[in-house]
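Following: one structure in structure tokens, then a few remarks.
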Amino acid sequence: MLRIKDHLRGLVVQALGDLGVDLSTVNFDVTEPARAEFGEFATNAAMVGAKVLGTNPRDLASRLVEQILNSSSPYLKGAELAGPGFVNFRLNNSWLYEDVSAALSMGVDGYGRSDIGKGKRLLLEFVSANPTGPLHLGNGWWASYGDSLGRLLAFVNYDVSTEYYVNDTGGQIRALGESLLALAKGEAVPEGGYSGEYVSTLARGYDGDLNDVTAAGKFASDKILVMIKESLSDLGITFDTWYSQASIEESGAVGEVVELLKANGAIEIQDGKSVFMATRYGDNRDRFLTKANGDYTYLAGDIAYHYDKLVRRGFDYAIDIFGADHQGQVPSLLGAMSALGCESSRLEILLGQMVSLQRGDEVVKFSKRKGNVVDLQEVTKEIGASAMRLLSLQTSIDRSSVVDLAVVTSKSMDNPVYYIQYAHARMAAIERMRIEREIPEPQIEDVDLSLLVHPRELELLKIQSRLDEVVSIAATERAPYKIVTWLRDFAGAFHGFYHDCSVLGDGPELTQARLCMVRGAQVAIKVALSLVGVEALERM
RNA sequence: GCCCUCGUAGCUCAGGGGAUAGAGCACCGGCCUCCGGAGCCGGUGGCGCAGGUUCGAAUCCUGCCGAGGGCGCCA
């Protein structure tokens with residue numbers, strides 16, 4: 001489909017060529033100016049070019065304008081030199097009308113798609129919270145992020161699989177088992193154990209050996225994993241695979257990977273323990289792979305797990321989403337993959353900054369061990385999956401955020417989900433009214449879209465036309481929140497249009513044109529809503 | 001002490017080399033004979049501080065200040 005910016009960029013390149021200027025090394029932009037009076041688009045080509053050529057930017061710009069005006073473009077109405085050397089483009093509206101046609105012909109499965117991923121296989125791992133307690137609100141935030149990122153990457157044609165790494169072995173599961181047994185025997189939970197209400201509940205249902213810590217740990221973590229799956233499912237999130245840490249340890253894969261590292265000369269033995277020479281790969285310290293008791297460390301298992309992803313299972317790319325509290329393990333993991341011969345670009349680790357909670361002015365402290373977490377499932381039940389997801393997707397994961405439970409649970413207009421869904425509901429309402437009033441269904445080929453000239457209409461169409469670029473950027477920057485930003489803009493433009501323009505009441509021809517526009521807008525908003533996993537409501 | 005993030009309006013956040021920095025909430029004031037007022041329109045109010053790079057800095061670099069996180073043979 002047409003990307004107007006690419007078209008204009010082509011005009012600039014052509015014009016520069018005609019001027020005999022080689023700017024192949026120069027990175028110029030075509031952007032939307034901040035102010036409408038500067039035209040629909042502008043380029044800074046003359047300013048960055050003048051620097052390279054050592055000429056005056058305004059001179060170069062005026063020659064550029066001359067060439068551009070000579071070119072034949074069906075969209076160009078005018079171009080002029082402005083400010084310090086910008087070239088501003090004036091366009092007729094046909095590019096906007098073509099976008100309406102594109103939305104209608106491509107529909108929700110095609111509009112906005114692109115081929116950035118080229119069908120490459122990508123494994124996206126996220127949440128992966130230990131099965132030692134129910135998911136809390138913070139888990140839900142990153143779960144929403146990961147799920148939406150997966151949808152985005154699939155939409156730009158990566159072959160995406162999602163995975164949850166289940167830490168179903170090790171000291172924390174042992175502590176869980178010990179806590180369960182203590183409660184089952186009516187004793188106090190040991191120091192550092194898990195004392196939440198859910199453990200007591202599980203203990204009452206435990207009918208296994210009261211002295212078998214391993215069995216108790218497995219019993220409890222299995223049950224908790226079911227709770228976790230439910231909690232995610234309530235948010236509309238499922239995973240393609242649930243990958244067991246125990247299974248990879250039992251398979252012997254960890255030892256094989258450690259041997260491979262040894263063969264690659266990346267390991268030294270210190271006091272009988274294997275140490276990965278991580279400092280050679282950019283880490284700030286070396287890392288133990290085996291403990292004094294002979295067990296493998298968590299890192300050893302993690303390296304084997306990622307080797308399994310990229311080599312054994314042969315994914316082209318793997319993306320992990322970690323909380324910032326796990327940033328310390330990033331360099332060692334990346335270093336190990338590099339030592340194993342995997343190109344570093346194939347493993348990408350995204351760090352989400354911490355989410356903290358407050359209720360009004362009061363900071364909410366929580367601890368999984370003590371059991372005073374804010375339960376994800378409870379909050380989701382209270383406000384709904386769509387509101388929950390949109391709240392968490394409003395902002396970049398690079399910024400630590402503060403969630404006010406008082407606001408979250410009040411269903412207030414602080415959650416823009418209602419504003420956005422209302423725009424879609426209004427579109428649906430227009431269609432219902434069309435049927436009720438027996439207005440004929442619009443046929444795009446018989447409709448004169450050039451009747452759409454109201455500023456509100458043009459504003460809506462301009463924002464709509466940005467969607468495919470926004471999708472591409474959101475996918476490549478791993479930034480689903482940019483979809484939400486677009487949704488707010490788009491919903492706002494629609495509400496403004498709806499307020500000022502009567503879709504069904506301004507004469508038959510205009511009604512038909514507006515019906516096409518609204519249907520196109522509905523395609524666009526549905527695409528964006530599905531990318532963030534928010535329901536497109538017909539009624540509210 | 002060292003390392004990683006982040007400081008934008010009263011609050012929550014967009015903008016991350018380009019022309020006069022935006023939105024929501026809050027506060028003040030307008031708009032319902034008309035497709036859904038969960039809406040629309042207007043107003044008040046801001047780039048942590050100091051240098052530097054650049055034709056141009058909220059944006060890039062350095063330092064300082066402030067917030068969060070990390071620096072286990074835990075996971």
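Excluded from the calculations below are hydrogen atoms, water molecules and symmetry mates; all remaining heavy atoms, backbone and side chain alike, are included.
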At under 4.0 Å, does any side-chain N or O of [X] touch on OP1 or OP2 of [N]?
{"X": "Y305(A)", "N": "rA75(B)", "answer": "no"}
{"X": "R58(A)", "N": "rC55(B)", "answer": "no"}
{"X": "T169(A)", "N": "rA75(B)", "answer": "no"}

Looking only at side-chain atoms of [X], point me to the closest of [options].
{"X": "Q327(A)", "options": "rG70(B), rG36(B), rA38(B)", "value": "rG70(B)"}
{"X": "Y498(A)", "options": "rC35(B), rG39(B), rG70(B)", "value": "rC35(B)"}
{"X": "R432(A)", "options": "rC40(B), rG36(B), rG69(B)", "value": "rG36(B)"}
{"X": "H499(A)", "options": "rA75(B), rA19(B), rG39(B)", "value": "rG39(B)"}
{"X": "M540(A)", "options": "rG36(B), rA19(B), rA75(B)", "value": "rG36(B)"}
{"X": "K291(A)", "options": "rA38(B), rC74(B), rC13(B)", "value": "rC74(B)"}

Can you tell me if [X] and [Y] form a side-chain donor-acceptor pair at under 3.5 Å?
{"X": "E163(A)", "Y": "Y305(A)", "value": "yes"}
{"X": "D168(A)", "Y": "Q245(A)", "value": "no"}
{"X": "H495(A)", "Y": "R426(A)", "value": "yes"}

task: Hey, which sits more toward the 5' end of RNA chain B by its nearest nucleotide, A429(A) or H326(A)?
output: A429(A)
query: Starting at the 5' end of RNA chain B and moving along, which residue's nearest nucleotide shows up first, F41(A) or G496(A)?
result: F41(A)
Atom-to-atom span, [atom1] of [X] to [atom2] of [N] - whole angstrom:
{"X": "R426(A)", "N": "rC34(B)", "atom1": "CZ", "atom2": "P", "result": "14 Å"}
{"X": "D283(A)", "N": "rC4(B)", "atom1": "CG", "atom2": "C1'", "result": "13 Å"}
{"X": "E538(A)", "N": "rC35(B)", "atom1": "CD", "atom2": "P", "result": "19 Å"}

Record whether the side chain of [X] comes under 3.5 Å of the base of [N] through a donor-acceptor pair of N or O atoms.
{"X": "Q329(A)", "N": "rA75(B)", "answer": "yes"}
{"X": "R399(A)", "N": "rU12(B)", "answer": "no"}
{"X": "Q353(A)", "N": "rG69(B)", "answer": "no"}
{"X": "N88(A)", "N": "rA19(B)", "answer": "yes"}
{"X": "N44(A)", "N": "rG18(B)", "answer": "yes"}

- request: Take atom NZ of K5(A) as the centre, draw a 6.0 Å sphere, and report whether it contains more than 12 heavy atoms from other residues, nucleotides or ligands.
  value: yes
task: Tell me, with the steps shown, if I439(A) and M433(A) meet side-chain contact (heavy atoms from CB on, under 4.5 Å).
output: CA-CA 9 Å; I439(A) 294 168; M433(A) 187 55 68; over 6 Å; no
